[in-house]
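Here the structure is laid out as C-alpha cells; the discussion comes afterwards.
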Protein chains: 2
Amino acid sequence: MSKSEVAELPLLQNGDVVPCCPPITAGELSQVDAEKMAAMFKALSDPVRLRLFSKIASHPGGEACVCDIADVGVSQPTVSHHLKKLREAGLLTSERRGTWVYYQVAPSVVAAMAAMLDLRG
Amino acid sequence: MSKSEVAELPLLQNGDVVPCCPPITAGELSQVDAEKMAAMFKALSDPVRLRLFSKIASHPGGEACVCDIADVGVSQPTVSHHLKKLREAGLLTSERRGTWVYYQVAPSVVAAMAAMLDLRG
DNA sequence: CGTCTATGTTGACACTCGTCGATACGGGTG
DNA sequence: CACCCGTATCGACGAGTGTCAACATAGACG
C-alpha cells in the first residue's frame, strides 16, 4: 500500500511548456502520469502554499525574497517547510544571494499544469 | 488587488469561466480565496482521482457511467469515495439514469482553475 | 574570532486522508 | 414478491500532513 515512490519531477529551467502529460481530455492517464500530475496539484493544495506561491508570482520578475513573503500567518519554520514542498514539486526554484534567499516561479511547470486542464483538447 | 467575492463553490452549468479568483500573478491571494483554490487543487491531488477524472473528461460529451471508469486498481467503495470528493469540489456532477449513475465534468470550474494558473497575468 | 540576522532542519504532536470489508440502498427483472 | 446488480455509506486502520518549539546552519559585520 505504501508507495514511497517519489516521482522525480522535471526541475527544468524557464523557457517553454514541458510536455509532461497530455490534456485530461486526450485519454486515460497512465499510472505514472497520474502520479506526476497529482504531485504537482498536491503542492498547490494547501492555502498557505497557495498564498506563498501567489506572493512570489505577483512580485516583479516572478521572484521574491523569503523575508518579503513570510507573513502568511504561520511560524517561520512552517513557511520554510512549505517553500521546500513547492521547490520539490518543481513549481519554485531558490537561490541564495548573500544574506537572503530568493524564490522564483518555474513558469514552464505552471504552464504545463494549466495546459493539462485545458478542456478544449 | 481585485478579489472577487464568490460565496461558495460554483456548481454551475457549462458555459463560461466562473471568476472564482484572479490569476496568481494578479496579487496576493486572500485567506478565503486561497482556501477555495486549495480545495479545488486538493481534489486533483490524488492519482486515483486524476485517473477517474481523465476517464470521464475523455469520454464523449465529458460524461461517463461509473461502470465504465471503475477499473483504476482500487476497490469499488474507494472509487465511490473519490467520485464523491470530486463532486464535492465542484469538478463533477452526477446523475442517476435507471440502473447506472453518470458523472459529468463541470467545464467552467476546470477552466477557472486553468485560468488561475495563467502566468501571463 | 564572536555575534547577529536570515533561513533551514529536526522531532513531536494532532489531525486528515486513502483504503478496505461489511453493509445498506435503489432499481431493474423474473 | 424475491432476487440480483450497480452504487453509496459506515467503521476501522495505517500512512501521510501541517504545525510548532527547539536547534542548526550560513553569511555579514565588527
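The model shown is predicted, which means the values in this text are computed figures rather than measured ones. Here is how names work: the chains are called A, B, and so on, in the same order as the sequence lines, proteins then strands, and each is numbered from 1. Just so it is clear, the values below take in all heavy atoms, side chains as well, and ignore hydrogens, waters and symmetry mates.
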Close side-chain approach of A:Arg96 to A:Tyr102, heavy-atom, < 4.5 Å: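 Side chain of A:Arg96 against side chain of A:Tyr102, heavy atoms only: no contact under 4.5 Å found.
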Side-chain contact test, heavy atoms from C-beta onward, threshold under 4.5 Å: evaluate it for A:Thr25 versus A:Arg120 and give yes or no. no
[X] [atom1] to [N] [atom2]: how many Å, rounded?
X	N	atom1	atom2	answer
B:His82	D:dT7	NE2	C1'	16 Å
B:Leu92	D:dA8	CG	C1'	16 Å
A:His81	C:dG8	NE2	P	13 Å

For a quick test of reading the model: is some side-chain N or O of [X] closer than 4.0 Å to OP1 or OP2 of [N]?
X	N	answer
A:Tyr103	C:dG8	yes
B:Ser80	D:dA8	yes
B:Arg49	C:dG18	yes
A:Ser75	D:dC20	yes
A:Lys42	D:dT17	yes
A:Thr78	D:dT19	no

DNA chain D nearest-nucleotide lookup for A:Thr99 and B:Arg96: closer to the 5′ end is B:Arg96
Can you identify which nucleotide, out of C:dT19, C:dA6, D:dT19, has its nearest atom closest to the B:Val48 side chain?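 Of C:dT19, C:dA6, D:dT19, C:dT19 is nearest to the side chain of B:Val48.
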Where the side chain of B:Pro77 is defined as all heavy atoms beyond and including C-beta, which of D:dT7, C:dC20, C:dT9 is the nearest nucleotide?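 Looking only at heavy atoms from C-beta outward on B:Pro77, the closest nucleotide is C:dC20.
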Below 3.5 Å, does any donor atom in the side chain of A:Gln76 face an acceptor in the base of C:dA6, or the other way round?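 For A:Gln76, whose side chain was compared with the base of C:dA6, there is no donor-acceptor pair (under 3.5 Å).
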Between B:Arg51 and A:Glu35, does at least one N-O distance fall below 4.0 Å, as a salt bridge requires? no
